[in-house]
Asks: 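The structure under discussion is supplied below as structure tokens; questions concerning it will follow.
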Amino acid sequence: MQVKRISEHIWSLKTWMIVPINVWVVADEEGITLVDAGMPMMTKGIIKFIEQHNGLSLQRILLTHGHSDHVGAIKGILKKYEVPVYAHSIEIPYMEGEIIYPKRKKLENNLPKTLTKPLLEDDSNTLMKIGGLTPYFTPGHSPGHVVYYHEQDQVLLAGDLFTSKKGKLKPPMAVFTADMKQALASASIIKHLKPKQLEVCHGNTVYHPFDQLEEYEQRKEKILGGK
Ligand SMILES: [Zn+2]
Ligand SMILES: [Zn+2]
């Protein structure tokens, strides 16, 4: 597993399974937040990294969404740490096997029922900040997909809202994406936040993604037309 410090407070832990798979460790004075949990084979490496990290302890696991390649290490991590797992309330019934993910043929039981807690929302249904990160609802790749923004570092942890190649923003993988049109519309979060740096689960860092947004959006028709 490759460990890389990507900003002042954030590390990426990466492995490869045909495509790269990243998870992120966000650290501050309060402790450590893990964003996404990759594949089961990453369990040992994630725990080892947390254990060696300045005596800080794991506080929580946040999920961008509940696909199996984002929750794999949770079982093993929870054997060692008793921490809550959060995802968007809309995503939970899909990952717990109550509703079939769009475009999939059967139910997925990616995590046991009642394990995952919904991300908290305020009175106006805005997702509340957690572990130094602000979640934003960005549906499309999955029905309850969220991205997490670290304001201080200006880093957007974008999960599978995008992929990337050689520093270029690319759309999420079509076969695994529930609603591509909606996913492309959710890309406008970049306009809203203008992050300095964007990280995807399956790819490398994209710097100043706002500069590429117009080009990305121009490809929309081609992407949707080619469906
Ligand atoms: Zn996914
Ligand atoms: Zn994925």
Side-chain angles (χ1 to χ4, degrees), residues 1-2 4 6 10 12-26 34-43 45-46 61-77 85-111 115-116 119 133 135-148 155-165 168-187 189-190 198-206 209 216 223 227:
M1 205 167 62
Q2 189 188 84
K4 190 177 157 197
I6 56 170
I10 309 175
S12 70
L13 278 52
K14 182 190 233 169
T15 191
W16 284 263
M17 264 192 72
I18 307 171
V19 291
I21 299 175
N22 286 290
V23 304
W24 300 287
V25 170
V26 182
L34 179 69
V35 179
D36 280 349
M39 304 296 289
M41 63 167 179
M42 298 174 82
T43 309
I46 294 170
I61 300 170
L62 302 178
L63 299 175
T64 58
H65 63 301
H67 286 165
S68 56
D69 56 324
H70 295 253
V71 303
I74 288 180
K75 201 175 152 199
I77 292 172
V85 179
Y86 294 92
H88 195 286
S89 58
I90 291 176
E91 186 77 3
I92 294 173
Y94 294 93
M95 52 197 265
E96 290 185 347
E98 267 176 56
I99 313 176
I100 299 178
Y101 272 110
K103 286 167 74 180
R104 301 269 166 118
K105 288 195 178 68
K106 48 181 186 129
L107 291 168
E108 293 190 26
N109 293 293
N110 295 342
L111 282 179
L115 176 89
T116 310
L119 288 163
L133 296 159
Y136 291 91
F137 183 49
T138 49
H141 174 70
S142 75
H145 190 282
V146 294
V147 294
Y148 295 96
V155 175
L156 185 64
L157 302 177
D160 285 359
L161 176 58
F162 304 97
T163 55
S164 72
K165 216 171 194 177
K168 283 271 200 185
L169 273 186
K170 301 280 176 194
M173 279 175 274
V175 277
F176 301 116
T177 297
D179 184 336
M180 187 58 92
K181 201 174 169 189
Q182 198 182 33
L184 291 169
S186 288
I189 188 67
I190 289 179
L198 180 145
E199 301 290 332
V200 297
C201 276
H202 311 300
N204 295 321
T205 302
V206 177
Y216 181 81
I223 296 163
K227 218 167 41 168

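Each ligand, and each atom within it, is numbered from 1 in the order the structure gives.
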Asks: Side chain of Lys14, backbone of Lys4: donor and acceptor closer than 3.5 Å?
Replies: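 The answer is no, because no donor-acceptor pair under 3.5 Å joins these two groups.
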
Asks: Do the ring centers of Tyr94 and His65 come within less than 6.0 Å of each other?
Replies: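 No.
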
Asks: Indicate yes or no for a side-chain donor-acceptor contact from Ser164 to the backbone of Asn204 under 3.5 Å, with no hydrogens or angles considered.
Replies: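 Confirmed, Ser164 side chain pairs with Asn204 backbone.
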
Asks: Out of the candidates His141, Glu91, Glu108, only one should pair with His67 under the side-chain hydrogen bond (donor to acceptor under 3.5 Å, both in side chains) rule; please name it.
Replies: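 It is His141, the one option of His141, Glu91, Glu108 that forms the side-chain hydrogen bond (donor to acceptor under 3.5 Å, both in side chains) with His67.
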
Asks: If you define the side chain from C-beta out and look only at heavy atoms, does anything of Ile10 sit under 4.5 Å from Glu199?
Replies: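 They are not in side-chain contact.
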
Asks: Provide the full list of salt bridge (charged side-chain N to carboxylate O under 4.0 Å, His left out) pairs with a residue in residues 61-77, sequence neighbours left out, each pair given once.
Replies: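 Every candidate salt bridge (charged side-chain N to carboxylate O under 4.0 Å, His left out) pair involving residues 61-77 fails, so no pair, neighbours aside, qualifies.
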
Asks: Taking the Zn ion (ligand 1) as the center, what protein N, O or S atoms are found at less than 2.8 Å?
Replies: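 Per the 2.8 Å query on the Zn ion (ligand 1), atoms found are His65 NE2, His67 ND1, His141 NE2, Asp160 OD2.
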
